[in-house]
Amino acid sequence: MQHDERLLPQMLELLKTGQHDIVVGSRYTEGGSVGKWDEKRKWMSAIATKFSKFVIADELTDPMSGFFMMRREAFESSVRQLSAQGYKILLDILASSPKRQRISELPFTFRIRQHGESKIDSLVLLEYGFLLIDKFTGGYVPARFVLFSMVGLSGVVVHFMMLLATYKTNLLTFEVAQAVATVTAMTTNFIFNNILTYRDKRLRGVKFLTGLLSFYAVCTVGIVGNVGIARYLFLNAYGWWLAAIAGILVGSVWNYAASAAVTWRKK
């Protein structure tokens, strides 16, 4: 009950005139207010609003608002381009629209929450950042792939730490230590991707275990592709570093695409 439901009839009347595509309940236009937010929440909202200007050209004081009404035509013009990242659907719609929308803002004061809990946490802010990346790059670099790759880099660190802990201490032979390190890195990658990259499709219970097994299978194929491509390029007189990068790219793209289709698929 944080939004002023008394604005709904006015929003509808403005849309019926045919002069507006979207009517937004705004906390920042003249007459609006964020109410009794603390300074941290005000600062976070101000920063998010400022960064939104990188992906939308529309004149709008409160693109982070979750209180708006729109014409069906405005929604249908952008729905197939939505990134579906994060929960700031208004920003996603405006950034995905092929044309500038005719927007009107109505002021309201944000009320104190009566029920439930705020969605704002560090993961939500991360999702917002990747929504901006997705729209800023025109969707050519999927936000999930960026996060998936970052998780993959953390797996490299885990791999070498495990290798040092088992091989350098003479606990295991190199071959066994390498295998243990590989499985450990794949496991941590799966856990982090399940928490971060695929937060909206998070696997739990039995599905967590079956998902982990499918992730192992996907990554095993990725490793074969990585080594195969790198070896082919290296044997054909390409530099070792170029061969290695090509192998990593092939393996990363395969792991991302295959795990999205197999491990975190949504029926």
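For reference, positions follow the sequence shown, starting with 1. Treat the numbers as computed from the prediction; the structure is a model and nothing was measured.
- Looking at every heavy atom in both residues, Ile56 comes nearest to Pro63 through CD1-CB, 3.8 Å.
- His159 has its side chain out of reach of Thr184: every pair of non-hydrogen atoms, C-beta onward, lies at least 4.5 Å apart.
- When the options Ile93, Val23, Ile103, Leu106 are evaluated for a side-chain contact (heavy atoms from CB on, under 4.5 Å) with Phe68, the one that passes is Ile93.
- At least one side-chain heavy atom of Ile195 sits under 4.5 Å from a side-chain heavy atom of Arg202.
- The pair Arg71-Asp21 does not count as a salt bridge, with every side-chain nitrogen at least 4.0 angstrom from each carboxylate oxygen.
- With a 6.0 Å radius and a threshold of 12 heavy atoms from other residues, nucleotides or ligands, Glu5 has its CD atom above the threshold.
- Crowding of Tyr28 atom OH: a count of heavy atoms from other residues, nucleotides or ligands under 6.0 Å exceeding 12.
- At least one side-chain heavy atom of Leu60 sits under 4.5 Å from a side-chain heavy atom of Leu90.
- Taking the side-chain hydrogen bond (donor to acceptor under 3.5 Å, both in side chains) definition, one finds that Arg6 meets it with Asp4, sequence neighbours left out.
- When atom types are taken as modelled, the side chain of Glu76 and the backbone of Ala74 share no donor-acceptor pair closer than 3.5 angstrom.
- For the pair Glu105 (side chain) and Thr61 (backbone), a donor-acceptor distance under 3.5 Å is present.
- When side chains are defined from C-beta on, Trp264 counts as touching Asn194, because their heavy atoms get closer than 4.5 Å.
- The other residues sharing a hydrophobic cluster with Met162 are Leu171, Leu172, Val176, Val180, where clustering joins ILVMFWY side chains under 4.5 Å apart.
- Looking at Lys88 and Asp92, their side chains never come closer than 4.5 Å, going by heavy atoms from C-beta outward.
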Show me the donor-acceptor pairs, under 3.5 Å and distance only, between side chains in residues 208-222 and residues at least two apart or in other chains.
| residue | atom | partner | partner atom | Å |
| --- | --- | --- | --- | --- |
| Thr210 | OG1 | Val206 | O | 3.3 |
| Thr210 | OG1 | Lys207 | O | 3.1 |
| Ser214 | OG | Gly211 | O | 2.8 |
| Ser214 | OG | Thr263 | OG1 | 2.9 |
| Tyr216 | OH | Thr187 | OG1 | 2.6 |
| Thr220 | OG1 | Tyr216 | O | 2.7 |

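- Heavy-atom minimum distance, Gly32 versus Pro107: N-CB, 3.4 Å.
- Of the N and O atoms on the side chains of Asn255 and Ser259, not one donor lies less than 3.5 Å from an acceptor on the other residue.
- Counting heavy atoms from C-beta on, the side chains of His3 and Ser65 never come closer than 4.5 Å.
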